[in-house]
Structure formats: structure tokens, C-alpha cells
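Below is one structure, written out as C-alpha cells; the observations come after it.
A note on names: the letters A, B, ... follow the listed sequences, proteins ahead of strands, and every chain is numbered from 1. Hydrogens, waters and symmetry mates are skipped; everything else that's a heavy atom, side chains included, is used.
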Amino acid sequence: MKKVYARPKVLKKAVFHYCPGCGHSIIHRLVAELVDEMDIQDNVIGVPPPGCSVFAYNYLDVDMLESAHGRGAAVATGIKRANPDVLVFTYQGDGDLAAIGTAETIHAANRGEKITAIFVNNAVYGMTGGQMAPTTLLGMKTTTSPFGRDETTEGAPIKISEMLALVKGAVYIERTAVNSPSNIKKTKKALRKAFQAQIDNLGYSLVEILAPCPTNWKMSVLDSWKWVDEVMAKEFPLGVIKDTTGL
Amino acid sequence: MKKGYIEINQELCKGCEICMEFCPKDMISPSDKLNASGYMPASFTDDGECTGCAICALVCPDVVIEVFRD
């Protein structure tokens with residue numbers, strides 16, 4: 001019999017440090033598969049963030065340059081301008097891209113930098129222990145919102161993808177999830193298109209990926225995967241938000 | 001006739017049970033032994049029904065499943 005599925009070559013043989021059922025490792029694998037399939041391993045530079053995915057460079061066998069918290073888009077801008085032929089992507093969580101890095105992200109998109117942002121939204125700050133993030137849902141209990149997020153004092157969940165869709169330099173914005181086989185396939189397709197938009201020099205592309213965080217949501221793995229569809233996707237609807245690539 | 005089978009690297013499996021939820025033939029179940037990391041890894045019962053659809057490998061967060069098909 002023929003082997004039809006094996007670990008992608010670009011994924012190092014390291015053990016993921018992520019909790020059981022985490023979405024990050026699935027997204028790492030999808031990126032690795034794409035780099036394999038597009039045959040661009042020597043021509044990619046990734047920018048991992050602080051946060052749970054801080055060790056992305058331990059798993060992806062491509063060039064990586066760690067950025068300071070939230071500064072992924074600025075670092076990626078520098079890399080891309082110095083190496084216009086290299087595919088540059090940032091890998092950022094919601095505590096990184098939607099909080100401390102909002103300014104960098106919006107202005108990089110507005111300048112139409114030819115970079116791709118992989119924005120992993122799990123509605124909490126994962127690595128530091130599940131504090132409230134700007135993307136935390138209303139009423140959701142976290143360690144810093146023990147009575148649930150209250151709109152009058154903490155505001156409503158921020159929708160970065162919809163905000164970026166208004167920016168002229170952004171050419172491709174899609175929101176997907178990694179909580180079911182079909183959603184994982186759609187995520188891979190979205191990432192491929194975002195990379196292609198960059199390779200074709202069209203402008204800024206971002207894929208927002210809703211990822212389960214069973215540990216900080218204090219749920220079983222299966223409950224957290226269902227929760228993404230049943231609760232989170234109601235607040236953050238899945239689908240293409242902006243596409244002017246013509247691909 | 002056997003159409004496919006999978007191999008699970010039980011030492012790297014974290015026992016999240018996602019593959020068991022999505023396997024269309026319910027051929028994956030928790031193992032009765034702990035692995036070195038202290039997780040109950042997934043184990044594959046090969047009763048010849050596996051079609052090698054690779055859904056388990058697609059959803060596996062830890063990339064521990066290899067799929068073989070005719």
C-alpha cells in the first residue's frame with residue numbers, strides 16, 4: 001500500500017509543546033504542507049510572535065525571525081523590502097495582532113505591504129494563562145474577567161478582519177477555523193490564496209483563523225472544537241471578507 | 001478486502017481524542033496504557049474497514065498519524 005499521508009518535510013521532527021487539541025499545531029502543519037507543495041522552502045521567512053506560538057521556529061524548517069510583541073507587521077515589512085523576492089509571513093495571535101500590534105498591522109495593510117499575516121484568534125491570551133483579550137466574547141469568563149466580559153467597561157470583541165477590509169492596501173482577507181475536517185481544508189485553501197496574492201505582488205493579505213483553546217476555555221477538547229462553531233463563529237462569521245485579487 | 005490502514009505514533013500522541021470523534025468507521029479508540037508523557041494515546045483497531053480516507057490525519061493536531069491506501 002502507498003503512503004498517502006505523512007508528516008510534511010518542512011515540519012521538523014520536534015514534539016509540539018502545545019496542549020492536547022490546540023489549533024496552533026494544525027495551522028503549523030498547514031503552513032508546512034503549503035511550503036512543501038509550493039516548493040518554496042528556501043524562499044520563505046516567517047515572523048513568529050510572543051505567545052503560545054513563540055516556538056514556531058522549533059517546528060517549521062524555514063527561516064524565522066522572532067519579533068517583539070505585536071511588531072510582527074513592522075518586522076515583516078523590513079524583511080520584505082530588503083528581500084522582495086522572498087515570501088514573508090507573520091504568524092500572530094489575537095493578543096499580539098489585535099491588541100499590542102493593532103497599529104503596526106493596520107498601517108502595514110494600509111501601505112499595501114506585500115506580506116501575509118496568519119492571525120490565530122482563540123479569544124484569550126493563551127500563554128500567560130487565559131486573560132481577557134480584545135477578541136474575548138461578551139460574557140465570556142477569563143482570569144481577568146471572572147464575571148464575564150462586560151461591554152460597558154471592556155467594549156465589544158474587536159473584529160480586525162472587518163476593519164482591515166476597509167483599508168485599500170489589503171487585497172485578501174478571509175476568516176476560517178480549524179475545528180473540523182472541512183474547515184481545516186478551507187483554511188489551507190485560504191492560506192494558499194493569501195500566499196499567492198503575495199507572490200503575485202498584489203498587496204497585503206491576512207487569514208484570520210479561529211482556533212480552539214481547550215485549556216484556557218476550561219473545556220474538554222471536543223467541547224472546545226464544537227464551541228468554535230456554536231458560539232465563536234456567530235460573533236466572528238467565517239468566510240471571505242475582502243478579495244480584490246482576481247485569483 | 002483491506003483498502004487502507006493507519007499507523008499512530010503513540011509516544012507522540014496526546015490523547016485529545018479528536019481522531020476518534022471524526023473517524024467515519026469508529027476504528028480508533030483510546031489505548032488502555034499510558035505513554036511516556038502520561039497520555040492515553042489513540043490506538044487503531046484494524047478490522048479491515050479502514051478506507052484510508054485520511055480524515056484522522058487531517059484533524060490530528062500533533063501529526064502522529066500516517067495513512068496508507070491502495
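- The shortest non-hydrogen separation linking A:Pro181 to B:Val59 is CG-CG1, 3.7 Å.
- Across every non-hydrogen atom of B:Pro61 and A:Cys22, the tightest pair is CB-O, 3.6 Å.
- When all heavy atoms are compared, the tightest approach of A:Val4 to B:Gly52 is CG2-O, 4.3 Å.
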Counting distance alone, with no hydrogens or angles, which donor-acceptor pairs between chain B and chain A are under 3.5 Å?
residue	atom	partner	partner atom	Å
B:Lys14	NZ	A:Phe16	O	2.8
B:Lys14	NZ	A:Tyr18	O	2.5
B:Ala57	O	A:Arg29	NH1	3.1
B:Leu58	O	A:Arg29	NH1	3.3
B:Leu58	O	A:Arg29	NH2	2.4
B:Cys60	O	A:Arg29	NH1	2.8
B:Pro61	O	A:Ser25	OG	2.7
B:Glu66	OE1	A:Lys3	NZ	3.3
B:Glu66	OE2	A:Lys3	NZ	3.4
B:Val67	N	A:Tyr5	O	3.0
B:Val67	O	A:Val4	N	2.7
B:Val67	O	A:Tyr5	N	3.2
B:Arg69	N	A:Lys2	O	2.8
B:Arg69	O	A:Lys2	N	2.9

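- Of the atoms belonging to B:Ile65, it is backbone heavy atoms, and not side-chain ones, that fall under 4.5 Å from chain A.
- For A:Pro8, the part lying near chain B is the side chain, with the backbone staying farther off; criterion is any non-hydrogen pair under 4.5 Å.
- Heavy atoms of B:Leu58 lying under 4.5 Å from chain A belong to its backbone as well as its side chain.
- Within the 4.5 angstrom heavy-atom criterion, only side-chain atoms of A:Leu11, from C-beta onward, approach chain B.
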